[in-house]
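Only one structure is covered here, and it is reproduced in the block below.
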Amino acid sequence: MERAAVLGAGAWGTALAIHLARCGFRVLLWDRSPERAAAMQEARENRDYLPGVPFPEEVTVTADMASVAGCRRLVLAVPSAVLRDVATAVAAHADSGSWVVCATKGLEEGSGKLAHEVLTEVFGERTAGWAVLSGPSFADEVGRGLPTAITVAQPDLGRAEAMAAWFRCDPVRVYTSDDPVGVELGGAVKNVIAIAAGIADGMGLGYNARAALITRGLAEMSRLGVAWGGQAETFAGLTGLGDLVLTCTGPLSRNHQLGETLGRGTAVDRVPATLWRRAEGVRAARALHAKARELGVEMPITEQVYRVLYEGEDPRQALHSLMHRSPKAEQPLSARDDQA
């Protein structure tokens, strides 16, 4: 059996490791904690992040980064906050002919860089190729073998296809794209909009409000994406609209859960630390707020989420600010202006 290594044993990394085993690979699942790795290897499941989903016998859990040496298929599924550190550690052991797929959703803190930009800086020419993976995919459902569709993106569609093939087995359908910027931005922006949708649900504002946030959130996502160099069409697909709808409506979404907690009246500094840490939208809101200002793109929902999270704004005031903006004509997804 051919080998694949998944770096990051959170819910998403664990689910991808299980899926790759179903696809016929012998999988190494890496966790930075020797204690957690040993516990998972003994229990044959990830009781912290994906309880009740047993590991196939082809999955081995380790905390030894050197184990990736000689493995030509590498999947990075770590939080955006540690992506550069983990990628740097991987690069020190990886074979120069390795292929790297990044399944991280979010932007690097501080720099605001996309995951593929971080990979390019870290690996340089030391890999055969890289790609990013995204799409509407709750880890629990992927781990349990429920039908899912995802996208693998790389500017060279031939390379994207080569890496997409790793994940092609039932019940996951894998598409390819040559727009990694658009694919990655969809995965980052949707988390921020999901916090807004959760706030609205926590406040009991109804389905109309949620639909409005999803639709106008999609417009924000598209405007920023096009200004960043992405393709407008990407945001109408799985990694844009698809992931946005799932994350804004699905009860398994940590970002939506965080928003609901805030919408029900919990102060930011009283949010459980685990929920705050695991919700990628918290970090993404700050990075996207800064990038939108840099590119001159108006993102009113993202702006209000940022103010709630980082400036202490009351969610009711955020709602008032959104509802009382000056009237505008609705713009199509491809519009490259500041209308919102």
Side-chain angles (χ1 to χ4, degrees), residues 80 102-107 112-117 131-138 148-155 157 160 164 173-197 210-250 253 255-256 280-281 283-285 287-306 322 328-340:
S80 59
C102 188
T104 297
K105 293 184 178 181
L107 298 100
K113 290 180 179 179
L114 296 169
H116 80 268
E117 296 174 314
V132 293
L133 181 155
S134 192
S137 48
F138 283 146
T148 302
I150 57 176
T151 298
V152 171
Q154 216 277 348
L157 279 175
R173 181 169 176 80
V174 188
Y175 292 83
T176 56
S177 168
D178 62 357
D179 181 19
V181 172
V183 165
E184 287 194 65
L185 272 180
V189 178
K190 60 94 179 182
N191 286 330
V192 179
I193 306 304
I195 293 175
R210 184 198 292 172
L213 286 167
I214 292 173
T215 308
R216 298 314 304 159
L218 180 61
E220 288 190 17
M221 179 189 294
S222 177
R223 282 198 306 274
L224 180 66
V226 170
W228 203 324
Q231 302 167 19
E233 296 82 1
T234 299
F235 303 102
L238 287 170
T239 60
L241 177 60
D243 211 357
L244 180 64
V245 170
L246 179 69
T247 312
C248 288
T249 62
S253 166
N255 294 283
H256 188 275
E280 279 281 357
R283 291 180 289 274
L288 291 169
H289 176 260
K291 192 67 176 182
R293 291 197 167 190
E294 175 189 330
L295 295 176
V297 176
E298 193 171 2
M299 300 180 70
I301 300 172
T302 300
E303 173 78 21
Q304 293 305 318
V305 171
Y306 171 81
L322 286 173
K328 293 180 172 68
E330 186 176 27
Q331 299 295 318
L333 290 183
S334 59
R336 294 194 62 172
D337 60 10
D338 63 353
Q339 299 298 306

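For the single chain, residues carry numbers from 1 onward in sequence order.
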side-chain contact (heavy atoms from CB on, under 4.5 Å) between Leu322 and Arg216, intermediate numbers included
CA-CA 11 Å; Leu322 286 173; Arg216 298 314 304 159; over 6 Å; no
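- If you check the side chains of Thr302 and Glu220, you find a donor sitting under 3.5 Å from an acceptor.
- A donor-acceptor pair under 3.5 Å is formed between the side chain of Arg223 and the backbone N or O of Glu298.
- The shortest side-chain heavy-atom distance between Val297 and Lys291 does not fall under the 4.5 Å cut-off.
- Considering all non-hydrogen atoms of both residues, Ala197 and Arg210 come closest at CB-CG, 4.4 Å.
- Listed by chain and residue number, Thr151, Ala153, Asp179, Val183 satisfy the side chain to side chain contact (heavy atoms under 4.5 Å, CB included) test with Ser177 (two or more places apart in sequence, or in another chain).
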Go through the steps to decide whether His289 and Val305 satisfy the test side-chain contact (heavy atoms from CB on, under 4.5 Å), and finish with yes or no.
CA-CA 9 Å; His289 176 260; Val305 171; over 6 Å; no
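- Under a 4.0 Å N-O distance rule, the pair Glu280/Lys190 does not qualify as a salt bridge.
- Taking the side chain as every heavy atom from C-beta outward, Ile301 and Val192 never approach each other to under 4.5 Å.
- Residues Phe235 and Glu233 have side chains not in contact (no heavy-atom distance under 4.5 Å, counting atoms from C-beta outward).
- Checking side-chain atoms of Asp178 against main-chain N and O of Gln154 turns up no donor-acceptor pair under 3.5 Å.
- Shortest non-hydrogen contact noted between Gly217 and Ile193 is CA-CD1, 3.8 Å.
- Annotation for Met299 and Ala292: closest pair SD-CB, 3.6 Å, computed over non-hydrogen atoms.
- Of the inter-residue distances, the one linking Gln304 atom CD with Ile195 atom CD1 reads 13.5 Å to the nearest 0.5 angstrom.
- Checking side-chain atoms of Gln231 against main-chain N and O of Gly182 turns up no donor-acceptor pair under 3.5 Å.
- Taken to the nearest 0.5 Å, the OG atom of Ser134 stands 9.0 Å off from the CD1 atom of Ile150.
- Residues Ala164 and Val174 approach most closely at CB-CG1, 3.7 Å, considering heavy atoms.
- The shortest heavy-atom contact between Pro136 and Asp243 is CA-OD1, 3.5 Å.
- Counting heavy atoms from C-beta on, the side chains of Leu246 and Ser253 never come closer than 4.5 Å.
- A donor-acceptor pair under 3.5 Å is formed between the side chain of Glu117 and the backbone N or O of Leu114.
- Nearest heavy atoms, Gly106 versus Ser80: C-CB, 4.0 Å.
- Residues Leu238 and Tyr175 form a side-chain contact, since some pair of their non-hydrogen atoms from C-beta on lies under 4.5 Å apart.
- Atom-to-atom distance recorded for Leu241:CG and Leu218:CG is 5.5 Å, nearest 0.5 angstrom.
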Stepwise side-chain contact (heavy atoms from CB on, under 4.5 Å) check, Ser137 with Lys105
CA-CA 11 Å; Ser137 48; Lys105 293 184 178 181; 4.0 Å; yes
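- For the pair Leu288/Leu185, a side-chain contact is recorded, criterion being any heavy-atom separation below 4.5 Å from C-beta on.
- In this structure, Leu107 and Lys113 have side chains that are not in contact, with every pair of non-hydrogen atoms separated by 4.5 Å or more.
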Apply side-chain contact (heavy atoms from CB on, under 4.5 Å) to the pair Ile214 and Thr249, showing each step before the final yes or no.
CA-CA 9 Å; Ile214 292 173; Thr249 62; 4.0 Å; yes
